[in-house]
Amino acid sequence: MKINDKSFVPYIEEKAIQEAVQDIAQAINQDFAERKPVLVTVLNGAFMFASDLMKCLDIEVEISFVKVKSYEGTQSSGKVKQLFGLDTPLEGKDVILLEDIVDTGYTVQHLIKILEEKKPASINIASLLFKPDALQVPVSLKYKGIEIPNKFVVGYGLDYDGYGRQYKDIYRLKE
Ligand code: 5GP
């Protein structure tokens, strides 16, 4: 599969992705029974994960979105820009931050700081993918889908320069 100048090979199939999503949903259903958490979803990448996850939740739940960008091409720029977001009042609420992937950890670290200013009752992070070898700052992931090596991936919401988000499977950069 080709996107712009780069080739990608199949990496994680839809079935494995959906199983990971269901496992996270089941854990959230149990942990937040009787509570009404807010899913704060990090755009653009996490939109598909948020949509599939929400359909598996049987608790009452709100959703809100925040848009940030730290990647340029296939490299993390290390700087996180908050582009827009968070119109939902979070004071006293249980926040679950939904990420597509945690790589260096700068994005979630930055977002946790912004979220803490809104005085929620709790903040937990759910990430579909996690690259433990790329982590630069300590990040505590309560809900972790699939651990992957430090390779660039696309599909299931994740892009390469804006393209490739629509695939049901995940692909990795061909070396
Ligand atoms: P971090 O701030 O943890 O380095 O990176 C988090 C963000 O970088 C993710 O939300 C995602 O947008 C982007 N990112 C990190 N790794 C990858 C990757 O392998 N592929 C794509 N498409 N985006 C990634």
Side-chain angles (χ1 to χ4, degrees), residues 1-14 16-18 20-21 24-25 28 38-54 63-86 88 95-117 123-175:
M1 198 256 289
K2 225 173 145 87
I3 303 173
N4 292 344
D5 56 326
K6 301 232 183 286
S7 296
F8 293 85
V9 291
Y11 189 44
I12 307 171
E13 284 186 1
E14 182 184 5
I17 298 169
Q18 292 303 330
V21 172
I24 294 173
I28 292 175
V38 187
L39 306 177
V40 175
T41 303
V42 186
L43 293 174
N44 294 333
F47 75 95
M48 243 185 227
F49 172 44
S51 164
D52 285 344
L53 182 80
M54 220 177 166
I63 191 162
S64 184
F65 299 92
V66 63
K67 183 163 181 169
V68 290
K69 193 168 188 243
S70 68
Y71 251 64
E72 305 288 347
T74 61
Q75 287 295 316
S76 175
S77 70
K79 281 173 260 150
V80 183
K81 291 171 248 174
Q82 192 194 0
L83 301 179
F84 77 79
L86 281 188
T88 315
V95 168
I96 304 173
L97 187 63
L98 297 188
E99 256 287 27
D100 48 359
I101 186 163
V102 172
D103 182 62
T104 62
Y106 288 125
T107 304
V108 285
Q109 189 190 48
H110 178 80
L111 285 169
I112 296 276
K113 252 185 247 158
I114 295 172
L115 289 170
E116 277 170 351
E117 286 165 16
I123 306 174
N124 287 287
I125 306 168
S127 184
L128 178 67
L129 301 175
F130 175 47
K131 293 182 187 169
D133 299 340
L135 204 62
Q136 300 286 325
V137 286
V139 165
S140 158
L141 290 185
K142 172 97 173 182
Y143 307 103
K144 213 174 351 179
I146 304 167
E147 283 194 12
I148 62 168
N150 198 359
K151 309 262 186 222
F152 186 76
V153 292
V154 296
Y156 196 71
L158 291 143
D159 73 310
Y160 168 53
D161 275 351
Y163 294 97
R165 295 193 194 273
Q166 75 267 39
Y167 300 105
K168 294 188 181 86
D169 302 325
I170 290 172
Y171 297 76
R172 71 163 172 76
L173 190 62
K174 190 176 176 183
E175 282 140 336

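Computed over heavy atoms, backbone and side chain alike; hydrogens, waters and symmetry mates excluded. Just so you know, ligand 1 is whichever comes first in the structure, and atom 1 is the first atom listed for that ligand.
Of all heavy-atom pairs between A20 and L128, the closest is CB-CD1, 4.2 Å. The minimum heavy-atom distance linking Y163 with N4 is given by the pair CD1-ND2, 4.1 Å. Across S127 and V102, no two heavy atoms sit closer than the pair OG-N, 3.4 Å. For the pair I24 and K144, the tightest heavy-atom approach, listed with the atom from each and the gap, is CD1-C, 4.2 Å. Between R165 and M48, the closest heavy-atom pair is O-CE, 3.3 Å. When all heavy atoms are compared, the tightest approach of D169 to E14 is OD1-N, 2.6 Å.
Under a 4.0 Å criterion applied to the non-hydrogen atoms of D159, ligand 1 contributes the atoms 21 (C), 22 (N). Using a 4.0 Å cut-off to heavy atoms of T104, the atoms of ligand 1 that qualify are 1 (P), 2 (O), 3 (O), 4 (O). Counting the atoms of ligand 1 from 1 in the order shown, those under 4.0 Å from a heavy atom of K151 are 19 (O).
At a 3.5 angstrom cut-off on N or O pairs, L158 does not count as close to ligand 1. Not one N or O of V108 is nearer than 3.5 Å to an N or O of ligand 1, by distance alone.
Using a 4.0 Å cutoff on heavy atoms, K131 counts as a contact of ligand 1. Taking a 4.0 Å cut-off on heavy atoms, V42 fails to register as neighbouring ligand 1. Under the 4.0 angstrom criterion for non-hydrogen atoms, G105 is in contact with ligand 1.
Neither the backbone nor the side chain of V68 comes within 4.0 Å of ligand 1, counting heavy atoms alone.
Summarising the contacts of atom 11 (C) of ligand 1 with I101, L43, V153, the nearest heavy atom is found in I101. Among Y106, Y160, F130, F152, the residue whose heavy atom sits closest to atom 21 (C) of ligand 1 is F152.
D161 places none of its side-chain heavy atoms less than 4.5 Å from the side chain of K6.
Ring-plane geometry between F152 and Y160 is classed as perpendicular, the angle between the planes exceeding 60 degrees on a 0 to 90 degree scale with a lower cut at 30.
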